[in-house]
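First listed ligand is number 1; within each ligand, the first listed atom is number 1.
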Amino acid sequence: MKSLRKISLFLWLGFSALPGTNFAAENQKPPMEGALDSAPVNLYGRDTLDLSGTWQYIVDPMREGLYLPRKGIRHFADDSPREGNRLIEYNFNYSPDIQVPGDWNTQVDELFWYEGLLWYRRTFDYSPNDDKRHILYFEGANYWKRVYLNSTPLGEHEGGFTPFAFDITDELKEGKNSLVVAVDNTRRAHQIPSLKFDWFNYGGLTRTVHVFSVPKTYIQDYELALQADGSIAGMIQLNGDSPTEQEVSLKIDELGIDVRGKTNNDGVYRFSFTPKNLSRWAPSNPKLYAVEIHNGGESLSENIGFRTVETKGQDILLNGQPVFLAGISVHEEVIGSSGGRAITWAEARALLHEVKALGANYVRLAHYPHSEKMLKLADELGLMVWSEVPLWQELTFNDSRTFDIASQMIEESIDRDFNRASVVIWSVANETPQTEERLTFLRKLIDKMRALDDSRLISSALDKNKEVDKTFRVVDPLGEYLDIYSVNTYEGWYGARTPEQIGELNWESIYDKPMTFSEFGAGALKGHYGPESQRWTENYQLAIYRETLELVNRTPMARGISPWILKDFRSPRRYHGFYQDYWNRKGVINETGQPKLAYDLLQSWITDKVEEQN
Ligand code: GCU
């Protein structure tokens, strides 16, 4: 196997070294195994070497490190090449420091607007145990990556917000190891998101990196879901040397559950059991149970909640009871004057505590899979979650690469978060155009989502809804394939209407399904006051909230809100030098967490809405 890899590696390097290499080939999958189809679940339940901390970096705007030109610069995979008599024009030992996790934009002034290729390197000591396999796990990094360990390319990954992992058993050495990662945040038309989106294109190893050991045959994945009949159905999946016909077991001591069995020819054990006296997870009772999974060589545990979510006509039912999703939208950006993507447990807690402070029972984690930390905390805090992949507005719906990336992101997101009771909605897209290609594209993705997880609801944030005589009608054909249809509406902000004129509007729909207002709001510069007729004032934003919340109150099929947005956030598309300065100012709190006038109104509306249900 090793010799095969060496040959294929040589061929691949040789090919990529040809002069005038077609840079589009940069995204070709190098012929290397090692990249796992999906990352083993439950990172936080594993004993890992966390590689957070100081790494070195090299900026490579001309992408030379990816190729072995005929002479001169060597392949950057090599940690710190021996100078000797060859001309070597890079050396990580003489390169500047950068922190991981973190985006390069808010760490290095010269890289604030950088979009391109950047190389990371760190070394670490390890003592690989021969009767184990060894996994290199990335929580997430934006956008395209190629990973090398001890100068051997392991493989690549595309997508900025989901985990990926490599089996490094063959490449890991005793003692010092050198990890080199090429990260490229260049926007490309076929990527997801595409060339244009309304958040900052933070690049880099934005989430943590870990190394951990597993038995030769290890626990890859497990899923548990409470069924309508009160049973819990699930599966345990093994990976590694001999995953089939293996003894596995699952225990929930608090429920007196201990199921055991053997994996099938696919390495999977499927089970079902009916617990007695189950305390169901709900925002008012975020009950989590300690679940233990065992196979011959390892035991994993994590806290998991059990609840059901479904729709009935225009109602959303949580554990069989109608529920109104009263919350707000959140981007994954640190609260503070610099912003930035690196979410530690403290920063995740700070964001979700702001959501709880509004009295919310719900949060839209926009526009991409947030850190696993956010989902674990939502479980603990009792926040229902809308989770989504970054299919945002215009995409190349007729490009097969785009579908493949979307499909991969959905799989990685559902794989990682299947056991999070807080996730009640998977959203497939945001404000995508109502074309035939888009409908075909999204229907296939929805089918895939339902095949991966039929225990949750599927939605999408729709815009361009049809207005006839001040009544908006949801006529988007995508609605037919959704469990919940959601609308983004900015009447009174985009377009000529005043906040007061929202009072003349109504919503109706051709779908007898629950609806949520997935976005509404207005920009306001914190501390800028004036008449309610003056845009960009806190007073204007307050008027928009007052009028739109009234609109929600008179919309009979409304079953949720996630106004846009909790906190002002960085965006390259918000150019006004006084009101915005490259910040989207629709937050009800500004970037340092100071509440605007609309905050109190929203807080009392949400608090009343949640209390009505308890
Ligand atoms: C859109 C979009 C958001 C964007 C917001 C805005 O609806 O979904 O990503 O930030 O509107 O215009 O501020």
Side-chain angles (χ1 to χ4, degrees), residues 142 160-161 187 191-202 327-333 339 341 351 363-370 386-395 425 427-434 438 442 459-465 467 472 474 476 478 482 484-497 499 502 507 515-526 535-536 538 540-541 544-545 548 551-552 560-576 579-591 596 598 602:
N142 190 43
F161 304 97
R187 289 165 294 110
Q191 294 179 173
I192 292 182
S194 183
L195 292 169
K196 192 178 81 164
F197 43 91
D198 193 23
W199 63 86
F200 205 82
N201 185 24
Y202 292 115
I328 195 163
S329 294
V330 171
H331 259 305
E332 182 168 277
E333 186 181 68
R341 185 69 80 205
L351 276 172
V363 61
R364 176 185 179 194
L365 297 184
H367 277 301
Y368 35 75
H370 282 217
W386 158 309
S387 181
E388 64 185 275
V389 283
L391 279 74
W392 192 93
Q393 294 188 5
E394 298 297 332
L395 299 169
I425 292 172
S427 174
V428 67
N430 180 75
E431 296 186 348
T432 45
Q434 296 178 27
R438 164 264 200 174
L442 294 184
S459 188
S460 181
L462 309 174
D463 69 343
K464 309 288 184 291
N465 297 292
E467 179 187 348
F472 286 87
V474 178
D476 188 326
L478 183 65
L482 304 175
I484 300 172
Y485 63 92
S486 298
V487 296
N488 293 352
T489 173
Y490 285 95
E491 294 311 308
W493 181 253
Y494 296 122
R497 279 199 167 93
I502 296 173
W507 280 83
M515 164 190 178
T516 82
F517 284 87
S518 37
E519 289 184 31
F520 60 82
L525 176 66
K526 173 64 191 165
R535 284 173 185 272
W536 297 110
E538 291 192 38
Y540 191 98
Q541 186 188 49
I544 291 287
Y545 269 80
T548 311
L551 171 62
V552 174
I561 66 162
S562 49
W564 197 257
I565 186 171
L566 172 70
K567 177 187 80 70
D568 291 355
F569 60 95
R570 285 193 185 280
S571 168
R573 301 175 60 220
R574 303 300 169 170
Y575 313 99
H576 194 292
Y579 295 126
Q580 296 174 310
D581 192 21
Y582 297 108
W583 289 86
N584 183 312
R585 296 281 183 206
K586 295 189 182 69
V588 293
I589 64 177
N590 73 349
E591 65 273 26
K596 302 174 189 174
L602 180 63

- Query: For atom 10 (O) of ligand 1, what's the nearest protein heavy atom and its distance?
  - Reply: Asp198 OD2, 2.6 Å

- atom 2 (C) of ligand 1: closest protein heavy atom, distance to 0.1 Å, is Glu519 OE1, 3.5 Å

- Just let me know how Ile565 lines up against ligand 1, side chain, backbone, both or neither, with a heavy-atom cut-off below 4.0 Å. neither

- Any heavy atom of Phe197 under 4.0 Å from ligand 1? The part involved is neither

Enumerate the atoms of ligand 1 whose separation from the nearest heavy atom of [X] is less than 4.0 angstrom.
X	answer
Asn488	7 (O), 8 (O)
Arg574	6 (C), 12 (O), 13 (O)
Asn430	2 (C), 8 (O)
Phe569	10 (O)
Tyr490	5 (C), 7 (O), 11 (O)
His367	3 (C), 8 (O), 9 (O)
Tyr494	6 (C), 12 (O), 13 (O)

- Message: Rounded to the nearest 0.5 Å, what separates atom CZ in Phe520 from atom CD1 in Ile502?
- Response: 9.5 Å

- Query: What distance separates Arg364 CZ from Ile328 CD1, expressed to the nearest 0.5 Å?
  - Reply: 12.0 Å

- Decide ring pair (Phe, Tyr, Trp, His ring centres under 6.0 Å) for Trp392 and Phe197; before the verdict, give the C-alpha distance in whole Å, the side-chain angles of both, and the deciding distance to 0.1 Å. CA-CA 7 Å; Trp392 192 93; Phe197 43 91; 7.2 Å; no

Residue pair [X] / [Y], side-chain heavy-atom distance below 4.5 Å:
X	Y	value
Lys596	Asp568	yes
Val389	Val428	no
Leu365	Trp386	no
Glu333	Arg570	yes
Leu351	Val363	no

- Item | Residues Arg438, Glu394: salt bridge by 4.0 Å N-O rule | no

- Would you say Gln393 has any N or O atom under 3.5 Å from an N or O of ligand 1, going by distance alone? no

- Are Trp392 and ligand 1 in contact, using a heavy-atom cut-off of under 4.0 Å? yes

- Looking only at non-hydrogen atoms, the one of Glu431, Lys586, His331 nearest atom 13 (O) of ligand 1 is Lys586

